[in-house]
Number of protein chains: 2
Amino acid sequence: MMRRRSPTAEDVARLAGVSRTTVSLVLNGVSDARIPPETRQRVLEAAARLNYRPHAGARHLVRGRSEVIAFVMRQTPDQVFADAFLPEVLRGLSDALREANLHLLLFPLAPDRAPEETIRLLQERRVDGMVLSGPRFEDREWLERWGQETPVVLLGHLANSSLPSVDVDNGQAAAMATRHLVRLGHRRIGLITNAPLSYTASYERWLGYRQALEEAGLPYDETLVAFGAFTPASGAAAMEQLLKLPDPPTAVFVASDVVAFGALQVIRRHGLRVPQDLALVGFDDVPLSAYLDPPLTTVHLPAEDLGREAGRMLLQWIREGRPPTSTIRLATGLVIRQSCGAGGGA
Amino acid sequence: MMRRRSPTAEDVARLAGVSRTTVSLVLNGVSDARIPPETRQRVLEAAARLNYRPHAGARHLVRGRSEVIAFVMRQTPDQVFADAFLPEVLRGLSDALREANLHLLLFPLAPDRAPEETIRLLQERRVDGMVLSGPRFEDREWLERWGQETPVVLLGHLANSSLPSVDVDNGQAAAMATRHLVRLGHRRIGLITNAPLSYTASYERWLGYRQALEEAGLPYDETLVAFGAFTPASGAAAMEQLLKLPDPPTAVFVASDVVAFGALQVIRRHGLRVPQDLALVGFDDVPLSAYLDPPLTTVHLPAEDLGREAGRMLLQWIREGRPPTSTIRLATGLVIRQSCGAGGGA
DNA sequence: TCTTGATGCTAACACGTGTTAGCAAGCGAT
DNA sequence: ATCGCTTGCTAACACGTGTTAGCATCAAGA
């Protein structure tokens with residue numbers, strides 16, 4: 001197990017019978033250094049024979065670029081839904097970064113912890129950029145400051161922030177989901193939010209819901225709105241509240257699949273059938289919501305695309321040296337299954 | 001946006017009125033260098049004032065340690081179940097690594113891609129170790145070779161490999177699940193595997209199932225075994241096959257929750273009730289299986305612990321300089337809900 | 001024959017840190 | 001006065017790479 005020293009450019013140079021400089025010029029393909037093909041060949045062969053790999057640390061030192069992007073996860077462990085998409089997001093992101101030879105360094109940062117420690121580590125690593133997934137309100141200040149020195153892209157939305165971000169078009173999506181219920185003939189349509197309205201995404205979905213009602217000439221009835229908070233349990237409580245109403249809704253848009261799971265449980269406990277007695281539309285298209293009974297009609301969240309777009313924006317910033325001012329809002333689609341009552345094949 | 005040069009140890013030295021060596025000695029807390037408290041204080045203050053952070057690349061170069069661990073994800077995007085646990089695993093892993101100041105560098109490596117490219121990157125980065133999640137049979141050779149030079153821990157199991165690994169005790173778990181059904185009085189207990197038996201985990205669960213039957217004096221009936229392959233669709237097909245039997249089982253152990261989702265759908269389509277007509281036990285305890293109808297009784301997979309243990313083993317190898325020969329098998333627990341017919345509160 | 005310019009290479013510096021060997025000053029003991 | 005020992009520091013090297021300036025050699029042109 002003695003860990004032997006890896007070959008250096010010096011070793012390659014010796015084997016090829018040239019100087020280390022020449023090795024560097026050849027391997028980096030410097031074009032204005034006129035190296036004749038035969039020398040080039042000798043160097044390449046020597047490098048291959050020794051299985052030479054340039055030392056990333058040394059390269060970082062001299063080039064000033066670490067070729068590393070930090071991925072900071074800010075969501076709580078109980079925000080299950082966010083978790084469900086993490087792998088997809090990571091795939092999209094690393095896909096986008098691959099072409100630029102950038103790598104992802106992971107920094108879990110639980111929301112109940114102060115960011116100082118993580119900031120320190122980010123600085124030590126001299127990361128070339130950062131993607132923050134699930135920014136929180138309290139993060140605004142340090143993020144803005146950080147953004148002065150290093151490219152940052154937010155995955156999700158942060159109010160009053162000038163940083164570029166990638167998110168789903170929550171308003172459009174929620175309106176689309178609600179419109180779908182309107183089109184199916186419902187007049188009393190409830191809303192269970194995915195989180196308190198202090199969360200931007202939650203607020204935007206609420207706005208979309210209201211907009212769709214307004215378009216349809218339906219009144220906004222406050223009693224038909226209940227608040228979830230990430231978990232199925234919260235969805236169950238919210239649904240209980242709605243079912244207790246003297247005149248309960250005939251359809252509910254639940255702005256999170258996971259929250260909808262709890263809601264669905266409660267509906268069943270009350271002996272009601274979905275969609276006959278109560279129609280349901282969710283949000284997120286969690287991988288397993290297709291396998292509920294009944295399969296959940298829901299808004300599809302393009303997780304991999306979100307990651308990929310975040311990667312693209314970051315690359316753009318890095319390449320051009322200044323932040324793209326834009327904020328990207330990805331459109332979503334409605335996945336019509338059976339919980340809304342419009343489903344085929346039930 | 002001009003990216004200004006970060007302060008170096010030299011800058012700190014100048015500000016504190018000492019040499020760079022002294023700065024290094026103070027900041028690294030070298031104990032046998034007798035630095036008087038007041039000098040120490042001056043250096044610390046200067047470092048704080050300049051917000052000095054040592055350059056990780058330079059450190060890597062001189063120390064020979066990158067302080068980075070590679071996390072290689074080998075699972076396919078459609079192995080949904082693996083995805084579901086990734087975030088938890090990552091949390092456990094990075095928790096364990098934090099104390100040693102190690103960080104996680106992510107390498108998605110789709111199973112249909114050759115590993116050479118990734119190997120090259122791992123070598124360039126000079127990672128201090130690696131965790132491979134979801135090793136595949138074809139990976140054995142390069143992994144063994146890699147393990148000669150760098151610490152590796154497998155998350156999951158690889159046949160005929162001498163590398164340390166962390167996995168769930170599949171046999172024990174499957175036996176426990178099957179025993180539970182036996183105890184509930186079932187005599188004809190079916191099995192739907194999570195994957196073809198060529199997968200180690202699948203094979204071990206099959207063995208555990210057989211063992212439990214044998215303990216109970218029940219015959220092993222080949223016709224009661226159907227094969228799933230990761231997806232709900234495969235579970236649906238397998239369950240169709242079992243229900244077509246002249247004398248179908250009264251209970252089925254499905255060795256994967258996700259596969260069980262498909263199976264459950266088919267059961268419902270046949271107009272059968274769970275657990276009254278057919279009892280079901282799953283495997284994995286996917287976050288959402290608690291919200292099925294009925295909630296799924298299942299074997300809990302301690303994902304975060306798996307990650308943490310993998311981290312611990314890796315640290316041990318790094319510290320002691322030689323691989324721990326052991327393979328860790330984490331015990332699991334049965335989460336009794338309602339699909340098995342023993343559940344409370346239904 | 002001398003100049004010019006291209007060709008094919010290399011010496012040497014820079015990047016920011018950890019670490020070893022050792023230097024100067026002070027001080028007590030011989 | 002000399003020796004030895006401690007205290008408090010620093011000079012200098014090493015780590016592996018990218019890059020700039022420049023050095024020989026040779027051929028062609030004046």
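Chain letters run A, B, ... following the sequence lines, proteins first, then strands; residues in each count from 1. Computed from a prediction, not measured in an experiment: that's the story for all the values here.
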(request) Check each residue of residues 17-28 of chain A for a non-hydrogen atom within less than 4.0 Å of any atom in DNA chain D, then write out the ones that pass by number, or none. (result) A:Arg20, A:Thr21, A:Ser24, A:Asn28
(request) Using a strict 4.0 Å threshold on nitrogen-to-oxygen distance, state whether B:Arg120 and B:Glu124 make a salt bridge. (result) yes
(request) State, without any angle test, whether A:Ser6 and B:Gln123 hold a side-chain donor-acceptor pair at a distance under 3.5 Å. (result) no
(request) Round to the nearest Å and state the distance from B:Asp32 atom CG to D:dG8 atom C1'. (result) 13 Å
(message) Need two values: the first and the last nucleotide of DNA chain C, 5' to 3', having an atom under 4.0 Å from any heavy-atom of chain A.
(response) C:dG8 to C:dG16
(request) Run the numbers on A:Arg74 and A:Ser133 for side-chain contact (heavy atoms from CB on, under 4.5 Å), then give the verdict. (result) CA-CA 6 Å; A:Arg74 196 69 165 123; A:Ser133 144; over 6 Å; no
(request) Determine the contact category for A:Arg53: base if any of its heavy atoms lies under 4.0 Å from a base atom, sugar-phosphate if only primed atoms, P, OP1 or OP2 are that close, otherwise nothing. (result) sugar-phosphate
(request) Applying salt bridge (charged side-chain N to carboxylate O under 4.0 Å, His left out), name anything that partners B:Arg59, two or more places apart in sequence or on another chain. (result) none
(request) Output yes when B:Arg42 and B:Glu45 qualify as a salt bridge under the 4.0 Å nitrogen-oxygen rule, no when they do not. (result) no
(message) Once side-chain contact (heavy atoms from CB on, under 4.5 Å) is applied, do any residues pair with A:Arg14, and if so which ones, sequence neighbours excluded?
(response) A:Glu10, A:Asp11
(request) May I ask you to say whether A:Glu88 pairs ionically with A:Arg91, meaning some side-chain N is under 4.0 Å from a carboxylate O? (result) no
Mind listing the side-chain donor-acceptor pairs of residues 95-104 of chain A below 3.5 Å, one per line with the distance, residues two or more places apart or on another chain?
residue, atom, partner, partner atom, Å
A:Asp95, OD1, A:Arg98, NH2, 3.0
A:Asp95, OD2, A:Arg308, NH1, 3.2

(request) Would you check if there is a donor-acceptor pair between the side chains of B:Asn51 and B:Arg53 at a distance under 3.5 Å? (result) yes
(request) Report the residue from A:Thr21, A:Thr22, A:Asn28 that forms a side-chain hydrogen bond (donor to acceptor under 3.5 Å, both in side chains) with A:Ser24. (result) A:Asn28
(request) State, to the nearest 10°, the angle formed by the axis through the first five base pairs of the helix from C:dT1-D:dA30 to C:dT30-D:dA1 and the axis through its last five. (result) 80°
